[in-house]
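These notes concern the structure reproduced below.
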Amino acid sequence: MKSAAVIKKSTIQESKTDRIFLTIVYLLLFVAFLLVAYPLIYILSASISDPAVVNSGEMWLFPKEVTFEGYRTILQNEAIWRGYLNTIIYTVVGTLINLLVTIPAGYVLSREEFPLKSFFTKMMIITMFVSGGLIPSYILVNDLGLSNTMWALILPGAASVYNIVITRTFFQSTIPEELTEAALMDGASDFKIFSSIVLPLSKPILAVMALFYGVGHWNQYFQALIYIDDRKKYPLQMVLREILVLQDLSSNPSTMMSEETAMYLNEQQNLSAIIKYGVMIVATLPIIIVYPFLQKYFVKGVMIGSIKG
Amino acid sequence: MEKHVEKITNIRDTTIGKENLEKTRTKTNWKDKAKKILTSWQLYVLILPAFLYFLIFHYGPMYGVQIAFKNYMPSLGIWGSPWVGMAHFEKFFDSYYFWDLLKNTLGISIYSLVVGFPIPIMLALALNEVKDGAFKKMVQTITYAPHFISTVVIVGMIIAFLSPSSGIINHGLGALGFETKAFMEDPTWFKSIYVLSGVWQSTGWSSVIYMAALSGVDTQLHEAATIDGASRLQRMWYINLPVLVPTMVILLIMNFGSIMSVGHEKILLMQNPLNMTSSNVISTFTYQQGLLDAQYSYAAAIGLFNSVINAALLIVVNKISRKVSEVSLW
């Protein structure tokens with residue numbers, strides 16, 4: 001106890017400028033924290049406050065005139081429910097396909113003696129820098145007959161080079177070459193090695209990849225915007241787009257749109273005033289719940305990626 | 001001493017000999033190689049889904065990019081449509097909006113880079129000075145969080161907060177005695193709103209990669225510097241910052257390689273007819289021409305022009321970087 005105090009005192013003594021420096025660092029970080037946290041707290045408070053006090057600016061930090069009317073309206077809104085369900089389906093199926101493509105590919109590329117390793121690696125890396133662009137991709141998806149199906153949202157993004165590279169790096173550092181060699185000596189096939197040695201060891205990378213891809217699917221709207229016409233197939237983000245973004249445009253007389261859409265959006269606008277903050281929370285809820293527990297996995301993913309980026 | 005050196009070179013010679021032997025063996029015995037490729041057929045099966053995916057969904061569109069030089073008609077298909085040469089490119093370069101699009105695209109890109117690039121580095125350096133504990137964890141958790149919020153919700157937040165009648169920002173301005181403003185309908189504000197909301201969303205997450213680099217700093221270096229009387233600020237400047245330089249250079253090169261592509265996802269949501277003069281960028285224009293007006297070939301040509309510039313910039317910047325800093329992508 002006494003020695004600890006002495007050490008503490010000595011470090012303080014030898015660093016008076018350091019103390020000022022540290023104080024500034026802490027202050028700046030605290031300001032950064034406030035800047036990021038404030039909008040988040042505001043949304044949370046606004047979602048359970050009376051819309052009238054929110055819109056008038058009386059509510060600016062803590063909830064005022066607490067009401068759950070917004071959430072009740074959201075729960076009764078069929079479009080939101082359907083969007084939610086669609087998004088859950090797209091996310092689960094999409095993420096499964098992502099894993100089925102990414103994990104085996106990452107593993108194969110981690111095998112030093114794999115004969116065509118550099119061919120496959122180059123083939124994938126090239127696509128990071130060269131692409132056909134939006135229009136040719138759109139024509140391709142249409143020609144394949146995928147438009148207006150969930151496959152248009154899933155297959156064009158079935159894997160990402162970055163994630164395959166992270167997976168490869170993970171396997172390179174967790175599965176020793178000797179283990180594979182020994183298994184091959186014993187007459188195990190590559191399938192056998194993959195299923196009984198590699199997969200049991202790959203839980204951390206499965207978690208990281210499922211998270212990266214899963215969040216991507218959950219938050220995606222653009223693919224649905226260009227490929228999905230049927231409103232019944234809209235993912236949640238498209239429903240949100242109408243409530244949060246288009247309602248603003250409908251107040252704009254110069255926006256070109258049919259009368260029908262204008263009327264529909266007008267209805268949405270009234271609805272939006274009540275539920276806009278609640279719907280932001282509801283849409284982000286799965287991620288909010290999962291995030292604190294899995295933050296370290298997300299960070300781990302970036303760390304693995306940065307070793308050999 | 002000399003003997004020792006001789007011994008080492010001897011050993012090296014024999015290993016080189018061995019390698020050569022192996023090389024010649026594999027060269028002459030192509031059967032061996034073929035056998036090796038065949039015996040690992042299961043590995044090919046495992047990589048097949050990824051191979052097919054990249055072939056179809058990445059190389060497929062590269063084949064389709066020829067429509068930029070054609071007059072694509074869906075009924076005739078990509079191959080059957082008639083060639084028109086550079087007509088679409090000429091139309092684009094001669095159009096009255098070409099320079100506006102270029103100016104907006106580069107303006108937003110460079111603005112994002114100048115403001116958005118240094119802040120994550122500062123955050124990482126600052127977080128690195130703080131000892132592990134509740135405060136550090138709290139700052140990290142909160143600053144990383146916006147990365148996971150969807151673009152639609154982010155833009156929804158921007159619109160709600162900036163609303164001239166009900167937005168909190170205008171209420172704040174009003175309380176401080178300023179005039180309220182319809183920010184989203186004002187072209188002069190568009191770029192700042194786009195860039196600053198981007199900084200809000202991505203700074204925390206972008207700092208993770210720098211934190212990873214900082215965790216590799218040798219603690220002995222810091223101890224030695226402390227004994228020599230270096231202050232924390234000096235150690236940050238002379239020890240930590242140089243560690244980040246390779247990462248910074250790599251990210252800068254990547255950034256330059258995409259300087260012509262401002263993502264359309266967020267801008268499309270933020271666009272409205274009143275801010276169009278500063279929010280219309282090449283990617284959103286491609287979307288409007290190609291997918292809303294069905295001018296496929298024209299839009300594909302604009303897209304191609306865009307990626308060619310990007311690729312050229314990437315190659316040039318990479319080359320410069322390799323000469324100047326010896327850090328490069330390839």
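Order of the sequence lines fixes the chain letters, A, B, ..., with proteins taken first and strands second; residue numbering starts at 1 for each chain. Heavy atoms only: backbone and side chains are in, while hydrogens, waters and symmetry mates are out. What you see is a predicted model; the values in this text were computed from it and never measured.
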Which atoms form the tightest heavy-atom contact between [X] and [Y], and what is the distance?
X        : Y        : answer
A:Phe21  : B:Met236 : CZ-SD, 3.7 Å
A:Asn219 : B:Phe148 : ND2-O, 3.0 Å
B:Ala300 : A:Ile135 : N-CG1, 3.8 Å
B:Pro61  : A:Leu140 : CD-CD2, 3.9 Å
A:Gln237 : B:Ser150 : OE1-OG, 2.8 Å
B:Val152 : A:Val245 : O-CG2, 4.3 Å

Answer whether the closest heavy-atom distance between the side chains of [X] and [Y] falls below 4.5 Å.
X        : Y        : value
A:Leu244 : B:Val155 : no
A:Leu134 : B:Leu291 : yes
B:Ser40  : A:Asp190 : yes
A:Leu144 : B:Phe57  : yes
A:Pro39  : B:Met157 : yes
B:Ile168 : A:Tyr38  : yes
B:Ile149 : A:Ile287 : no
A:Asp18  : B:Arg235 : yes

Relative to chain B, which of [options] shows the most heavy atom pairs under 4.5 Å?
options                               : answer
A:Ile288, A:Leu100, A:Val54, A:Leu225 : A:Leu225
A:Phe129, A:Tyr291, A:Tyr107          : A:Tyr291
A:Met124, A:Met123, A:Met280          : A:Met123
A:Tyr277, A:Trp218, A:Phe120          : A:Phe120
A:Ile164, A:Leu116, A:Val215          : A:Leu116

Can you tell which part of [X] gets under 4.5 Å to a heavy atom of chain A, answering side chain, backbone, both or neither?
X        : answer
B:Ser307 : side chain
B:Gln289 : neither
B:Val308 : neither
B:Ile119 : neither
B:Leu314 : side chain
B:Leu125 : neither

Are more than 12 heavy atoms from other residues, nucleotides or ligands located less than 6.0 Å from atom [atom1] of [X]?
X        : atom1 : value
B:Trp205 : CH2   : yes
A:Phe30  : CZ    : no
B:Phe256 : CZ    : no

Given that the side chain runs from C-beta out, which part of [X] has a heavy atom under 4.5 Å from chain B: side chain, backbone, both or neither?
X        : value
A:Met59  : backbone
A:Ser131 : backbone
A:Ile125 : neither
A:Ile103 : neither
A:Thr284 : side chain
A:Ile20  : neither

Which one, [options], leads in non-hydrogen pairs under 4.5 Å with chain A?
options                               : value
B:Gly303, B:Ala126, B:Pro49, B:Gly290 : B:Ala126
B:Gly204, B:Ala311, B:Ala145          : B:Ala145
B:Gly156, B:Gly257, B:Pro74, B:Gly77  : B:Gly156
B:Val65, B:Leu233, B:Val153, B:Thr143 : B:Leu233
B:Asn170, B:Leu304, B:Ile56           : B:Ile56

For the [atom1] atom of [X] and the [atom2] atom of [Y], what is their distance to the nearest 0.5 Å?
X        : Y        : atom1 : atom2 : value
B:Ser163 : A:Lys276 : OG    : NZ    : 6.0 Å
A:Leu240 : B:Leu269 : CG    : CG    : 10.5 Å
A:Leu155 : B:Leu52  : CG    : CG    : 11.5 Å
B:Leu43  : A:Lys117 : CG    : NZ    : 12.0 Å
A:Ser137 : B:His58  : OG    : NE2   : 8.0 Å

Do the two ring centres, one from [X] and one from [Y], sit under 6.0 Å apart?
X        : Y        : answer
B:Tyr287 : A:Phe222 : yes
A:Phe191 : B:Trp41  : yes
A:Tyr42  : B:Phe161 : yes
B:Tyr44  : A:Phe114 : yes

So, using salt bridge (Lys or Arg N to Asp or Glu O under 4.0 Å) as the criterion, who are the partners of B:Glu265 when residues are at least two apart?
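Checked B:Glu265 against salt bridge (Lys or Arg N to Asp or Glu O under 4.0 Å); zero matches.
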Between B:Tyr63 (side chain only) and A:Gly132 (backbone N and O only), is there a donor and an acceptor less than 3.5 Å apart?
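Flag not set: sc B:Tyr63 to bb A:Gly132 has no pair under 3.5 Å.
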How would you list, by chain and number, every residue that makes a ring-ring contact (aromatic ring centres under 6.0 Å, His included) with A:Tyr221, sequence neighbours excluded?
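So A:Tyr221 forms no ring-ring contact (aromatic ring centres under 6.0 Å, His included) with any residue.
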Decide yes or no on ring pair (Phe, Tyr, Trp, His ring centres under 6.0 Å) for B:Phe135 and A:Tyr26, but give the supporting numbers first.
CA-CA 9 Å; B:Phe135 179 75; A:Tyr26 271 87; 5.1 Å; yes
Would you please classify the geometry between the A:Tyr138 ring and the B:Tyr296 ring as parallel, tilted or perpendicular, with 30° and 60° separating the classes?
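Plane angle under 30°, so parallel.
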